[in-house]
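To start, the structure under review is shown below, and the notes come after it.
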Amino acid sequence: MYKKNYTESLRNELIATVRKVLSPAALEYGYATVPLEEQIKWRPLVLVLGNYSSGKSSMINDLLGASIQETGQAPTDDSFTIITGDDKVTGQGQIRCTSLIEGQTVLADPEFPFVSLAKYGQRFAAHFRMKTVNSPFLKDLAIIDTPGMLDSVAEKDRGYDYQRVIGELAQLADLVLVMFDPHKAGTVRETYASLRETLPANTVEDRLVFVLNRVDECTNLADLLRVYGTLCWNLSQMTGRKDIPKIYTVFSDQHAPDKKAGNDYLSYLNNQRDSLRKLVADTPEYRLDHLAAYLENHGDRLQLLMRSLASYQEQRKRILGRHVGYGLGLGLLVAVLMLAGTAFTGGFGATDTNLMASIAVGVVGFVAYALLMIPMVLQGFHHAVLNKKETIYRPETQLDQDLWNQVAKMAHDYLLRTHGKFSLRRIKAQIKKMKVECLAGRTEVRKALSELRRIDPGH
Ligand SMILES: Nc1nc2c(ncn2[C@@H]2O[C@H](COP(=O)(O)OP(=O)(O)O)[C@@H](O)[C@H]2O)c(=O)[nH]1
Ligand SMILES: [Mg+2]
């Protein structure tokens with residue numbers, strides 16, 4: 001209980017830090033359109049992906065201990081369903097669905113973190129819904145059941161961008177289960193690619209978990225090993241990694257091993273089913289790691305965005321300074337030439353007047369340069385930046401380059417919107433403050449997380 005309360009208060013603290021430290025700048029500089037904490041303030045989320053009929057819905061039903069989701073061999077359910085606990089009636093009576101909320105309503109309600117998905121349109125909204133269930137398993141958790149992946153021809157007929165929706169949901173999720181079954185061991189290459197693109201690089205590996213389901217359907221142990229081997233090979237092709245990620249090898253409770261004569265190896269796999277269940281139940285704990293990573297990743301990206309804007313302003317200032325110098329030089333040159341000219345043509349008598357006149361011409365020369373030339377040069381620089389002929393940020397490492405790829409367009413849009421007119425001093429002060437606060441937040445969270453791991457799980 002103590003651990004649970006500690007987890008919850010730490011979560012609230014992290015959300016408050018994001019709200020205070022990141023959101024104001026994120027909104028100001030076009031990094032986000034809604035406050036960043038909107039996406040993380042709801043409960044922990046588990047996203048279940050996989051081929052159709054890989055047993056996603058059956059597994060969710062098993063976890064909840066009731067038949068909440070429809071299941072079947074054909075692609076039965078082509079909707080995204082958020083399944084979450086109904087706090088008012090948790091554990092009361094038989095486990096059942098206590099309400100069904102339409103997609104339109106869920107997508108419009110800022111209490112939930114799905115508002116940004118409304119942009120995928122009506123067709124998507126019609127395939128999106130929420131179910132509340134009185135299961136204690138979902139007290140501080142939500143599971144997202146997804147329509148199965150089909151082959152790429154059929155993907156186009158969905159009427160919304162399935163891969164992008166998956167990418168966005170994965171960003172919200174604390175755990176992403178990718179399910180396979182023995183018949184289709186490894187055809188999610190496209191989805192994996194889109195997950196890699198959308199998830200911050202350092203979170204892909206810890207957040208994605210592979211599950212080989214329905215293993216009771218293998219005819220014998222040799223068959224299971226063959227299927228397992230095929231999946232490993234496919235996964236390493238997909239991930240481009242030499243090491244094999246952990247794969248949970250499981251089957252559904254409802255398809256008891258005793259029905260499958262000869263599959264006695266199944267009893268050895270019970271423990272994997274239990275650890276998968278524990279993994280899902282422990283999601284609120286990874287939520288903290290996720291939030292800490294969220295603070296770090298967005299903090300880094302946002303600071304880079306702001307640094308690049310500051311660098312734009314510094315370059316602009318340098319160009320301005322240089323051209324003021326040129327203007328002064330020009331004015332001086334004109335004045336000296338004029339003075340020398342008048343002296344040469346014999347106007348030695350009225351030296352003061354000549355001097356005054358030369359200075360006046362010099363000033364006019366400078367003012368003309370400043371008014372005509374400098375705005376043109378600055379405009380030229382602005383356009384060169386917008387057309388990517390000049391860069392405002394040079395990444396030094398690959399990590400830097402990856403971060404920059406994510407924010408370059410935002411910097412571009414901000415410059416386009418403001419015409420480059422914003423205060424350098426202000427943005428520098430904001431960066432400095434954010435750096436200090438992010439670092440303090442990070443250190444505190446890491447300390448709290450290691451503290452949390454020391455607390456006896458029984459408490
Ligand atoms: N033999 C066996 N069948 C399963 C298992 N899990 C699910 N199924 C069956 O596979 C079919 C597809 O399951 P479903 O949960 O609807 O898959 P989804 O499309 O991924 O949601 C259903 O007929 C289930 O009864 C399992 O572990 N073993
Ligand atoms: Mg299903």
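Numbers for residues simply follow the sequence, beginning at 1. Indexing begins at 1, ligand by ligand and atom by atom, following the structure's order.
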Which option out of [options] puts a heavy atom nearest to [atom]?
| atom | options | result |
| --- | --- | --- |
| atom 6 (N) of ligand 1 | Arg214, Arg273, Met59 | Arg214 |
| atom 11 (C) of ligand 1 | Ser58, Ser54, Gly72 | Gly72 |
| atom 21 (O) of ligand 1 | Ser57, Gly55, Ser53, Pro182 | Ser57 |

**Report entry** Of Glu37, Glu38, Glu437, the residue whose pairing with Arg19 passes salt bridge (charged side-chain N to carboxylate O under 4.0 Å, His left out)
**Finding:** Glu37
Requested in this report: Using a cut-off of strictly less than 2.8 Å, determine whether Ser57 has an N/O/S atom near the Mg ion (ligand 2).
Outcome: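 Yes - counting backbone and side chain alike, Ser57 has an N, O or S atom under 2.8 Å.
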Query raised in the report: Between Asn213 and ligand 1, which part of the residue brings a heavy atom under 4.0 Å of the ligand: side chain, backbone, both or neither?
Result: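 Just the side chain.
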**Report entry** Per-residue contact class, Glu217 against ligand 1 - non-hydrogen pairs under 4.0 Å
**Finding:**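 Just the side chain.
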**Report entry** Polar side chain donor-acceptor pair, Glu28 to Gln430, under 3.5 angstrom
**Finding:**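 The criterion, which ignores hydrogens and geometry beyond distance, is satisfied for Gln430 and Glu28.
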Query - Any donor-acceptor N or O pair under 3.5 Å, side chains Lys56, Gln69 - result: no
Is the count of non-hydrogen atoms from other residues, nucleotides or ligands lying under 6.0 Å from [X] atom [atom1] greater than 12?
| X | atom1 | result |
| --- | --- | --- |
| Lys435 | NZ | no |
| Lys246 | NZ | yes |
| Glu314 | CD | yes |

Query raised in the report: Under 4.0 angstrom from ligand 1, any heavy atom of Asn61?
Result: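 No; Asn61 lies far enough from ligand 1 that no heavy-atom distance drops under 4.0 Å.
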Query raised in the report: Does Gly50 have a non-hydrogen atom less than 4.0 Å from ligand 1?
Result: no
For ligand 1, which atoms have a heavy atom of [X] less than 4.0 angstrom away?
| X | value |
| --- | --- |
| Phe251 | 27 (O) |
| Ser252 | 5 (C), 6 (N), 26 (C), 27 (O) |
| Asn51 | 20 (O) |
| Asp216 | 1 (N), 2 (C), 26 (C), 27 (O), 28 (N) |
| Tyr52 | 19 (O) |

Query raised in the report: Relative to the ring of His382, is the ring of Tyr312 parallel (under 30°), tilted (30 to 60°) or perpendicular (over 60°)?
Result: perpendicular
Query - Thr249, Asn213, Leu63, Val211 screened by side-chain contact (heavy atoms from CB on, under 4.5 Å) with Leu276, the one that passes - result: Val211
Requested in this report: Kindly state whether the ring of His298 and the ring of Tyr294 have centres lying under 6.0 angstrom apart.
Outcome: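 Yes: the rings meet the under 6.0 Å criterion.
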Report task. Flag Asp145 as yes when one of its N or O atoms lies below 3.5 Å from any N or O atom of ligand 1, and as no otherwise. Result ->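 Asp145 vs ligand 1: no N/O contact under 3.5 Å.
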